[in-house]
**Q** 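Below are the structure tokens for one structure; questions will follow.
Owing to the predicted nature of the structure, the values given are computational and were not obtained by experimental measurement. Ligands are counted one by one from 1 in listed order, and the atoms in each one are counted from 1 as well.
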Amino acid sequence: MQQNNHENSIRELTNISQGQRASDGDGVQLTRLIGSQQIDMLDPFLLLDHFESDQPNDYMGGFPNHPHRGFETVTYMLAGKMRHKDNAGNEGVIAANGVQWMTAGRGIIHSEMPEQESGLLKGFQLWVNLPKSHKMTAPAYQEFSAAQLPIEYADDGSEIRVIAGTTDKGLTGPVINTHVTPTYMDVHLPAGASFNQSLAITDNAFIYVIKGSIAVGNKGNLLSENQLGILSAGDKVTVSTNNTSPSEESDFLLISGKPLHEAVARGGPFVMNTEAEVLQAYQDYQNNKF
Ligand code: CO
């Protein structure tokens with residue numbers, strides 16, 4: 001009987017990172033977890049920022065008008081509200097547990113501003129690369145409120161909010177991306193619960209712990225609050241709550257995608273395949289071609 005080496009292979013933690021403090025937009029304080037000194041990128045993911053503050057000075061400046069070209073920005077809120085507005089007339093507010101999956105494609109100019117003057121603002125922005133064939137595609141939005149995102153409830157009390165991808169029980173998230181077929185799940189585990197998820201063997205995948213701590217894979221290596229853990233290749237992700245801390249519940253994101261294996265040329269808000277294409281993006285922006 002022949003068997004593929006990777007079949008039934010459980011993914012383990014290979015790299016743990018806390019990210020680095022950074023400031024972006026008009027002085028927004030955040031933690032950069034991908035696109036950082038520790039993790040340059042995890043193909044197809046170019047950047048992951050986590051913002052979390054109840055101090056208005058940390059977020060009030062927001063992200064005034066700025067361009068993007070060549071990739072997608074994914075904003076997922078956990079607390080507070082962000083208003084977005086672009087130069088094509090699109091406008092909306094993303095609230096807690098809502099997501100905006102924006103394809104910048106050939107270019108948009110937009111602003112992302114907190115829709116609040118006090119209280120907690122907490123969420124994530126992920127940048128997902130587009131393949132060369134689609135970097136100049138038309139801009140597009142996929143936007144879903146908390147009520148529009150399906151949740152799978154398991155007998156052990158765990159809850160999986162599915163933004164993209166399909167759970168092992170068959171619940172599929174609404175976001176469509178055929179380039180990297182992403183998985184983006186927000187998982188809640190009560191104390192003693194566990195989580196199992198199949199992924200394509202060679203997709204790149206990571207977990208970010210929002211709350212508590214978790215044990216990952218067969219080895220049960222621990223990943224703590226506010227840590228990002230990159231996972232090895234394999235077709236299964238297994239997570240359980242930390243049994244050295246038996247009353248602890250946890251929340252985490254599981255994100256994965258198919259690597260594009262293409263050259264990456266970055267220039268601030270533009271991510272293309274070559275330096276010349278990045279220069280072209282700056283010129284087009286300067287010449288009001290966005
Ligand atoms: Co932006």
**Q** Restricting to N, O or S, what is the name of the atom of H66 that lies nearest the Co ion (ligand 1)?
**A**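 Atom name of the closest N, O or S in H66: NE2.
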**Q** Under the ring pair (Phe, Tyr, Trp, His ring centres under 6.0 Å) rule, what do Y141 and H84 come out as? Steps first, then yes or no, please.
**A** CA-CA 11 Å; Y141 290 91; H84 66 91; 5.6 Å; yes
**Q** Provide the atom name of the closest N, O or S atom of H110 relative to the Co ion (ligand 1).
**A** NE2
**Q** Evaluate the ring planes of H134 and H179, with Trp represented by its six-membered ring, and classify them as parallel (under 30°), tilted (30 to 60°) or perpendicular (over 60°).
**A**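 H134 and H179: tilted rings.
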**Q** Which atom pair, heavy atoms only, marks the closest approach of S158 to S194?
**A**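 Shortest heavy-atom separation between S158 and S194 comes out as OG-O, 4.0 Å.
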**Q** Tell me the closest heavy-atom pair linking S213 and E248, and the distance in Å.
**A** OG-OE1, 2.7 Å
**Q** Tell me which N, O or S atom of E112 sits nearest to the Co ion (ligand 1).
**A**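 Closest N, O or S atom of E112 to the Co ion (ligand 1): OE1.
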